[in-house]
Amino acid sequence: MTYPALITPDEHNTYDIEFVDIPEALSFGNSINDAVIHGQEALGLALYSRKPLPAATAIENINKEDNQMIVIVSVDLNIIKSQVKEPTIHKNVTVPADLAEQAQQQGINFSATLSDALREKLDI
């Protein structure tokens, strides 16, 4: 996903970064490059559980102040998803023995399969 961001120098000689379309994704850095790297992380975490994802504002439609610059920041949500650790709980389930045996022979992960089925059933 790619979104425009505004970088603003502040009074502490650091650079704030904010996303036009994702107001909760805020960060800063000691340099412009550092702000972009931290902004990428903030963007990924803000988008991680957000559905639907907002459309990106076109650069020519962004209002900025004289001391601000527009940067484009991209984040791979698959990487973010692999890095975020969701809390889990243990559940005991009962399944038919023959079904469990076939699934085990095929190396099917029961927890992952149940989680996928619940997400589908709950439409999330």
Side-chain angles (χ1 to χ4, degrees):
M1 298 303 306
T2 302
Y3 288 93
L6 291 169
I7 292 187
T8 309
D10 66 21
E11 64 276 3
H12 304 291
N13 294 322
T14 60
Y15 296 87
D16 296 329
I17 185 167
E18 60 183 308
F19 291 85
V20 176
D21 305 299
I22 322 293
E24 66 272 24
L26 299 169
S27 196
F28 74 98
N30 293 320
S31 67
I32 293 171
N33 288 341
D34 196 35
V36 170
I37 290 168
H38 290 246
Q40 187 177 37
E41 184 176 292
L43 177 64
L45 291 174
L47 293 176
Y48 173 72
S49 60
R50 194 163 181 186
K51 302 280 188 283
L53 297 175
T57 299
I59 293 173
E60 59 270 12
N61 295 333
I62 297 173
N63 296 320
K64 70 176 191 70
E65 297 176 15
D66 289 340
N67 66 336
Q68 293 179 311
M69 70 171 45
I70 299 172
V71 295
I72 302 298
V73 178
S74 295
V75 65
D76 184 334
L77 294 181
N78 290 322
I79 291 173
I80 298 299
K81 185 177 181 180
S82 72
Q83 294 173 342
V84 172
K85 302 294 183 219
E86 292 186 45
T88 60
I89 60 170
H90 183 80
K91 288 287 192 184
N92 289 328
V93 297
T94 303
V95 296
D98 62 330
L99 191 61
E101 185 177 325
Q102 289 177 32
Q104 189 171 4
Q105 288 173 356
Q106 293 187 26
I108 293 175
N109 180 307
F110 285 79
S111 295
T113 302
L114 177 58
S115 295
D116 291 344
L118 287 170
R119 284 186 189 95
E120 183 178 324
K121 186 80 169 178
L122 296 169
D123 198 27
I124 54 173

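This structure is a prediction, so every number in the text was calculated from the model and none was measured.
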Answer yes or no: is there a side-chain heavy-atom contact under 4.5 Å between L77 and L53? yes
Please check: side-chain N/O of Q102 versus main-chain N/O of L99, any donor-acceptor pairing under 3.5 Å? no
Tell me the closest heavy-atom pair linking F110 and A100, and the distance in Å. CZ-O, 3.6 Å
What distance separates N33 CG from H38 NE2, expressed to the nearest 0.5 Å? 11.0 Å
State which residues pass side chain to side chain donor-acceptor pair (under 3.5 Å) with T57; sequence neighbours excluded, sorted by chain then number. D21
Quick one, V73 and T2 - any side-chain contact, counting heavy atoms below 4.5 Å? no
Does Y3 use its side chain to pair, donor to acceptor, with the backbone of P54 at less than 3.5 Å? yes
Please evaluate residues V75 and E41 with respect to the criterion side chain to side chain contact (heavy atoms under 4.5 Å, CB included), reporting the C-alpha separation (whole Å), side-chain torsions for both, the decisive distance (0.1 Å), and the verdict. CA-CA 8 Å; V75 65; E41 184 176 292; over 6 Å; no
Decide if atom CG of D98 counts as having more than 12 heavy atoms of other residues, nucleotides or ligands within a radius under 6.0 Å. yes
Looking at every non-hydrogen atom in both residues, tell me the closest pair between D34 and G29 and how far apart they are. OD2-CA, 3.4 Å
Residue that, paired with M69, satisfies side chain to side chain contact (heavy atoms under 4.5 Å, CB included) out of T8, I32, L6: I32
Under a 3.5 Å distance rule, please check whether Q40 uses its side chain to pair with a backbone N or O of S74 as donor and acceptor. yes
Tell me every residue that passes salt bridge (Lys or Arg N to Asp or Glu O under 4.0 Å) with E101, counting only those two or more places apart in sequence or in another chain. none
Counting neighbours of CD1 on I70 that are heavy atoms of other residues, nucleotides or ligands and sit closer than 6.0 Å, is the number greater than 12? yes
Listing request: all salt bridge (Lys or Arg N to Asp or Glu O under 4.0 Å) pairs with a residue in residues 105-124, at least two apart in sequence or in separate chains. D116-R119
Are there more than 12 heavy atoms of other residues, nucleotides or ligands under 6.0 Å from atom CG of N13? no
